Amino acid sequence: MEKERSFNDVDIDQLTNASKQKDFHNKIIAWTKSSHQRCKTLRQQVERQWYLNLAFYVGRQNVSQVPTTAAGMNAGVRLYIPPAPYYRSRPVINRIRPIIRTELAKLTAQKPTATIVPATGEDRDLAAAQAGEQIWDSVYREKKIKSTFSKSALWMLTTGVGFMKTYWDPNKRDKQGNPGDFCYETITPFHLFIPDMLCTDIEDQPYVIHIQTKTLEWVKANYPDLKVEPNVMEANDILNDSFLQLIGAVDFQRNAVLCYEVWIKPGQVEFMPEGGMYTIIGDNIVQFVKGNPYLHQQYPYVKFDHIPNGRFYSDSVINDLISIQREYNRTRGQIVEAKNKMSHPQLLAAEGSIDASKITTEPGQTILYKLGFPKPEPMPLQNLPPYVIEELQRLLQDFEDISGQHQVSKGQVPPGVTAATAISFLQEQDESMLSTTFNSIEEGFEKIGFQTLCYVKQFWNTPRTVKVVGRDNQFNVLSFVGSSIGDNTDIRVEAGSALPTSKAAKQALLMDLMNNGFIPPEKGLELMEVGGVQRLYEEIQIDSAQATRENMKMSTVTDEDMSIYLQTFQGAPDPMTGAPTLVDPNSGQPLTDTMGNPTAPPLIVPVNTFDNHQIHIQVHNNYRKGQEYEQLPQRLKDLFEEHVNQHMMALGMIPGMPAPEGAITSGEAASGDPAQIEMESQQQGGVPSNGPESVGY
């Protein structure tokens with residue numbers, strides 16, 4: 001019999017394991033805090049520039065930086081506004097903010113166009129790639145990724161680098177109530193730390209430390225069994241407190257807990273050779289995962305660069321504008337001081353002739369002086385030299401040259417330039433300075449899209465509904481699971497698709513194309529994107545919209561629908577042949593044609609007398625040429641074929657035969673004038689499409 005272990009032996013084993021676990025726990029926390037402090041020290045100089053940039057952006061442009069060693073001061077500097085004499089004019093004419101606003105508008109004007117490259121050329125992968133594109137478009141709209149990116153772009157423009165975090169939260173629920181959902185957050189550069197300042201790609205960093213401050217209420221709600229005490233000031237432990245005081249955030253309380261979220265690449269840290277991630281709240285490890293928990297095996301952070309400089313933290317245009325802004329404000333202040341002196345000139349008076357303390361700036365004041373002394377006279381002043389005013393113009397030119405925002409970018413045509421081609425060229429030259437920024441944005445959206453599709457593949461174990469917009473701008477709701485996209489997660493953003501486009505130039509081009517007959521008017525109105533035109537376009541496209549709804553209905557007919565429909569018209573078998581007969585469900589009489597011959601039941605999607613048959617034929621045939629139609633079962637393809645044949649017979653055309661001489665073909669129907677199509681349709685036996693829509697569509 002096996003010897004029983006004593007109670008003391010068990011206690012010793014448990015104590016040993018607990019001791020090892022505690023040592024490992026303390027080792028991780030010590031390494032994390034020391035690594036955080038080392039990363040923080042490496043970028044001290046960069047942070048100082050960030051504080052200065054932000055101060056100038058918010059309008060605190062008389063600020064100065066002084067070194068400090070006081071406890072609690074971040075990065076060893078203090079921001080303050082030095083005092084000045086009462087007569088010193090220090091105006092702030094903030095020309096940096098409009099420059100940043102203009103760049104922000106350009107960077108967020110367009111949604112980058114994304115497509116998915118199929119893993120293979122097989123039909124299954126082609127369909128999966130199309131499903132992935134639909135999922136990405138739906139997530140982009142539903143999660144308001146553009147709004148989140150706008151916040152990251154503002155940090156990118158002011159500090160030089162911005163971040164977005166994309167991850168899967170299993171504790172959230174989507175709009176359908178399914179467990180788990182996508183999350184997209186803006187991460188400031190102050191909250192993210194890396195060890196290698198010369199490595200520009202975040203994926204090449206050995207580890208990333210993301211620090212946050214969480215309130216005690218948040219900790220209790222998410223970790224009810226965790227006992228922690230507040231250990232930081234909620235705001236100023238990450239941001240410099242002197243900067244927060246400068247912008248008016250002075251209410252600091254030690255009311256939050258510092259949290260570390262650490263991601264490590266494989267082979268970089270001794271205690272995690274396989275890589276992984278862990279989370280520390282206070283001095284407690286609340287999450288520890290070996291290896292990357294995500295299928296994409298990347299950091300869940302996306303980096304956006306403004307002006308590359310060969311280092312991880314890129315530069316901002318504000319870096320180069322600060323000195324110009326200071327000089328511009330100083331020059332404007334000198335002009336104001338000179339104006340004040342001329343408005344209130346100093347007096348020259350003999351000593352003892354007047355009581356200087358009684359002289360004020362009151363209008364119409366009487367100044368008494370002693371007889372025998374010369375009367376007081378204003379001191380003669382010199383006008384400002386012309387070069388002072390000229391200096392302002394040179395500074396404004398420097399603003400334009402450095403920011404790349406000249407007159408043409410502000411809607412002002414330079415003197416002597418009248419050709420539209422020349423104006424467009426000048427606009428392109430200004431935008432070319434942002435080409436590297438746009439490239440970074442497009443690469444960042446590729447990474448966001450790739451990680452999103454990987455989350456779909458990894459976590460969508462049950463069908464989830466997705467709202468999509470079809471090729472005819474018709475909304476639809478589809479159901480997908482993770483296997484719907486397979487390995488088709490290679491999303492590509494079209495180069496240059498993030499660049500802003502001129503609506504005026506686009507509308508002028510479309511008008512020229514419509515006037516010359518290269519595109520039909522209804523297509524031009526669709527592409528023009530002018531407010532108020534959409535209503536007109538919808539009225540013109542009412543027939544196309546009706547035919548599109550028919551496509552959707554016919555493509556979703558099930559076997560059960562077909563069975564019920566046929567049973568509705570099924571009569572007793574023919575007594576002579578035993579063949580099934582069809583009856584009118586309303587009258588109970590056999591269905592026959594005009595010659596008395598038995599006929600087939602009406603179509604599930606009928607051809608109406610008020611249909612514009614030519615446009616219907618064109619829309620149905622366009623759908624039948626697409627990939628979605630190719631994947632339909634043969635019974636539904638037969639349904640489409642019969643439906644189109646009915647339209648052709650309504651026009652007096654023989655199915656499968658060329659159109660009669662003088663008839664409008666389907667291609668002409670798509671590109672011709674709707675009024676002309678309607679008139680010629682009536683001449684060929686069609687009925688105008690101004691009646692009510694078909695019931696049940």
Side-chain angles (χ1 to χ4, degrees), residues 107-119 125-153 162-187 292-304 440-494 497-498 627-628:
L107 297 180
T108 58
Q110 295 288 115
K111 172 194 172 186
T113 303
T115 57
I116 295 179
V117 180
D125 285 328
L126 293 174
Q130 184 181 12
E133 292 176 6
Q134 293 172 330
I135 293 173
W136 165 244
D137 289 339
S138 175
V139 172
Y140 183 90
R141 292 190 305 271
E142 181 180 336
K143 297 302 178 183
K144 297 180 174 58
I145 294 180
K146 180 178 180 179
S147 176
T148 305
F149 167 70
S150 298
K151 300 172 187 176
S152 300
F163 298 95
M164 273 185 64
K165 184 180 181 182
T166 168
Y167 62 99
W168 179 265
D169 189 347
N171 298 319
K172 290 185 64 176
R173 289 186 176 271
D174 62 12
K175 291 185 176 180
Q176 288 78 38
N178 298 307
D181 200 5
F182 307 103
C183 291
Y184 302 90
E185 296 179 358
T186 296
I187 307 297
N292 196 311
Y294 294 136
L295 185 65
H296 53 66
Q297 296 296 300
Q298 296 177 341
Y299 292 131
Y301 303 99
V302 179
K303 173 172 169 272
F304 301 102
S440 177
I441 292 173
E442 291 169 358
E443 292 175 0
F445 270 92
E446 282 187 357
K447 185 176 180 181
I448 294 174
F450 169 71
Q451 293 187 355
T452 299
L453 295 178
C454 286
Y455 297 146
V456 170
K457 181 179 179 181
Q458 184 174 358
F459 298 110
W460 280 19
N461 300 320
T462 58
R464 302 203 182 198
T465 57
V466 174
K467 297 179 181 179
V468 300
V469 180
R471 50 179 297 199
D472 297 306
N473 292 324
Q474 300 296 319
F475 289 94
N476 197 4
V477 178
L478 303 177
S479 180
F480 296 101
V481 294
S483 58
S484 299
I485 61 174
D487 295 328
N488 299 276
T489 57
D490 186 11
I491 190 168
R492 304 287 178 87
V493 172
E494 179 183 342
S497 61
Q627 179 182 352
E628 185 176 346

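Given the structure is predicted, the values throughout are model-derived calculations rather than measurements.
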- request: Inspect the surroundings of CG in D487 and state if more than 12 heavy atoms from other residues, nucleotides or ligands are less than 6.0 Å away.
  value: no
statement: Contacts of T452 meeting side chain to side chain donor-acceptor pair (under 3.5 Å) (sequence neighbours excluded), chain-then-number -> Y184
- prompt: Do the side chain of T489 and the main chain of F450 share a donor and acceptor less than 3.5 angstrom apart?
  reply: no
- prompt: Under 3.5 Å, is there a donor-acceptor pair between the side chain of Y301 and the main chain of I187?
  reply: no
- prompt: Nearest heavy-atom pair of C454 and L295: which atoms, and what distance?
  reply: O-CD2, 4.1 Å
message: Over 60° means perpendicular and under 30° means parallel, so tell me whether F182 and W168 are parallel, tilted or perpendicular.
response: perpendicular
task: Would you check, one step at a time, whether the test side-chain hydrogen bond (donor to acceptor under 3.5 Å, both in side chains) holds for T148 with T186?
output: CA-CA 6 Å; T148 305; T186 296; 5.3 Å; no
message: For a salt bridge (Lys or Arg N to Asp or Glu O under 4.0 Å) check, start with the C-alpha distance between K175 and D181, then their side-chain angles and the critical distance, and finish with the verdict.
response: CA-CA 9 Å; K175 291 185 176 180; D181 200 5; over 6 Å; no
task: Check for a donor-acceptor pair, side chain of Q458 on one end and backbone N or O of P293 on the other, with a separation under 3.5 Å.
output: yes
message: Test salt bridge (Lys or Arg N to Asp or Glu O under 4.0 Å) on R492 and D490; report intermediate values, then the result.
response: CA-CA 7 Å; R492 304 287 178 87; D490 186 11; 2.8 Å; yes
Q451 side chain to Y299 backbone, donor-acceptor under 3.5 Å: yes
- request: Describe, in one word, how the ring planes of Y140 and F445 are oriented to each other, choosing from parallel (under 30°), tilted (30 to 60°) and perpendicular (over 60°).
  value: tilted
query: Is the backbone N or O of M164 less than 3.5 Å from a side-chain atom of K151, with the two atoms forming a donor-acceptor pair by type?
result: no
query: Under 3.5 Å, side chain of E446 to main-chain N/O of V493, donor-acceptor pair present?
result: yes
query: Using the ring of each side chain (for Trp, its six-membered ring), is F149 parallel, tilted or perpendicular to F304, with breaks at 30° and 60°?
result: perpendicular
